[in-house]
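Structure, as structure tokens:
For this chain, numbers begin at 1 and follow the sequence in order. Since the structure is predicted, the reported quantities are computational estimates derived from the model, not experimental observations. Each ligand, and each atom within it, is numbered from 1 in the order the structure gives.
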Amino acid sequence: MINKLSIDGDRLYRSLDALGAVGAFDDPRTGLRGVCRLALTAADGAGRLHVVKQLREAGLEVRIDQIGNVFARRAGQDDRLRPVMIGSHIDSVATAGRYDGCLGVLGGLEVVRTLNDARRATLRPLVVAFFTDEEGARFGTDMLGSAVATGRIALEEAYAFQDRHGVSVQGALAAIDFLGEADPRLAAPYAYLECHIEQGPVLRAAGVDIGVVRGVQGICWHEVTIVGRSAHAGTTPMALRADAGVAAARINLALRDMVASGRFGPEFRATMGVILPDPGLVNVVPGQVTATVDLRDPDTALLDAAEAAIIAFYAEAARMEGVTITHRRTARTPYVGFDQGIQDRIDAMADARGLSHAEIVSGAGHDAQELARLCPAGMVFVPGEYDGISHNPRELSTEGQCANGVNVLLDVAIALADEPATHEDFR
Ligand code: HGY
Ligand code: MN
Ligand code: MN
């Protein structure tokens with residue numbers, strides 16, 4: 001049975017704009033207003049307070065756990081039953097737009113507002129959630145909060161992660177007063193749903209309204225430390241150099257060659273996002289470089305092979321440049337497939353609304369891939385303009401695109417939240 005309710009697209013879009021103003025900055029590169037709410041910074045703290053206030057105003061009971069995850073609960077007619085959870089993240093990268101993650105959290109709030117307006121109860125409780133540090137851009141590993149909630153990362157290990165300035169996750173949580181008390185290990189919800197922008201060109205190019213996400217590709221991150229010898233750029237003969245900058249460049253080009261080789265499949269992607277020379281001065285051969293490597297592949301075996309290949313190349317680059325190269329694996333998740341039943345429901349609800357839809361594998365990581373360890377999980381993607389660019393202030397999904405996604409989210413959430421008790425609810 002298809003629900004007859006629809007969300008208020010204008011209210012949703014205004015809520016995205018309002019949150020987008022928190023941690024906003026004027027980007028000199030694009031001339032656009034971007035968003036910078038790096039995890040657990042003061043800006044993230046302000047964004048959290050902004051969203052928690054609205055969750056409470058919607059009548060939700062808010063709980064904050066020990067890793068700063070926030071869960072806002074709408075009681076069900078039978079409150080003993082496991083909830084349907086709708087979530088995502090509101091932390092951002094440093095050059096973000098206003099939709100990445102926020103669409104899933106504010107979309108969940110819009111679902112609740114729509115049900116409240118219609119005085120529509122659901123059998124099961126609903127929980128709207130946002131998870132700590134999904135991006136991993138500050139403390140180095142992605143999906144941190146949802147990984148702790150689902151047991152992949154231990155709380156004490158997560159607390160100890162530090163940013164470049166030696167600030168720990170625990171210290172940063174306390175600094176923004178989101179060091180909650182609730183147990184961080186999440187009781188399994190009945191189901192988990194996430195609406196998210198695609199962050200790529202596929203849906204928009206195909207003219208498709210809704211992406212039915214089959215799963216999330218594998219992700220592997222390294223932090224690479226290259227130690228050479230700083231020296232005078234003018235007086236040091238080339239043969240006497242141990243240039244950490246050239247070694248980093250060799251690794252970056254090796255990544256590009258690995259993609260071009262085709263050895264790791266047609267979808268393999270590799271990126272050196274961080275390249276920090278020390279001392280980083282015009283007339284000094286770089287004595288040290290801190291770099292990162294980001295490998296992605298929907299085929300977990302090929303991702304393993306790619307990681308082994310780049311590790312082998314680190315040794316080769318070290319030999320060629322006379323430097324030492326060490327690396328630390330900071331993120332590693334295999335391909336994660338989503339629940340077929342939820343995918344089928346997304347298909348059906350999109351059809352019922354006359355929305356076109358297509359299957360897609362997510363190029364980006366998401367909290368849903370962690371929740372999939374606990375319960376049936378699924379994602380609804382919406383297209384984006386400008387080739388779906390993301391992690392860039394030019395990121396843009398229109399009001400209509402966002403409303404389509406959150407309407408399908410509403411329909412699937414209601415259908416799941418009205419499903420009767422099973423023996424699992426009383427285990
Ligand atoms: O890196 C990612 O895939 C996500 O944006 N955290
Ligand atoms: Mn995201
Ligand atoms: Mn992101």
| Nearest-neighbour protein heavy atom for atom 5 (O) of ligand 1, which is reported as residue plus atom name and distance | Glu135 OE1, 3.0 Å

| Contact check: Glu134 vs ligand 1, nitrogen or oxygen atoms, below 3.5 angstrom | yes

| When you check the side-chain N and O atoms of Glu395 and His391, is any donor under 3.5 Å from an acceptor? | no

| query | Out of the N/O/S atoms in Glu135, what is the name of the one closest to the Mn ion (ligand 3)? | reply | OE2

| query | Any side-chain donor-acceptor pair under 3.5 Å between Glu385 and Gln401? | reply | yes

| task | Indicate whether any N or O donor in one side chain lies under 3.5 Å from an N or O acceptor in the other, for Ser6 and Arg353. | result | yes

| request: For a side-chain contact (heavy atoms from CB on, under 4.5 Å) with His366, tell me which candidate from Phe381, Phe131, Phe338 qualifies. | output: Phe381

| request: Return yes if a side-chain donor-acceptor contact under 3.5 Å exists between Asp100 and His89, otherwise no. | output: yes

| remark: The atom name of the N, O or S atom in His196 nearest to the Mn ion (ligand 2) is NE2

| remark: If you compare Gln217, His196, Gln199, Arg296 by their heavy atoms, the one closest to atom 2 (C) of ligand 1 turns out to be Arg296

| said: So if I count the atoms of ligand 1 from 1 in the order they appear, which ones are less than 4.0 Å from some heavy atom of Trp221? | reply: 1 (O)

| request: Could you list the atoms of ligand 1 found under 4.0 angstrom from a heavy atom of Ala364? | output: 3 (O)

| field | Rounded to 10 degrees, the angle NE2 of His89 makes with OD1 of Asp100 at the Mn ion (ligand 2) | value | 90°

| field | Check: Gly365 N/O within less than 3.5 Å of ligand 1 N/O | value | yes

| request: Would you kindly say whether Arg214 and Gln340 are connected by a side-chain donor-acceptor distance under 3.5 Å? | output: no

| Is there at least one pair of N or O atoms, one from His391 and one from ligand 1, spaced under 3.5 Å apart? | yes

| message | Taking the ring centre of each residue, are Tyr159 and Phe139 less than 6.0 Å apart? | response | no

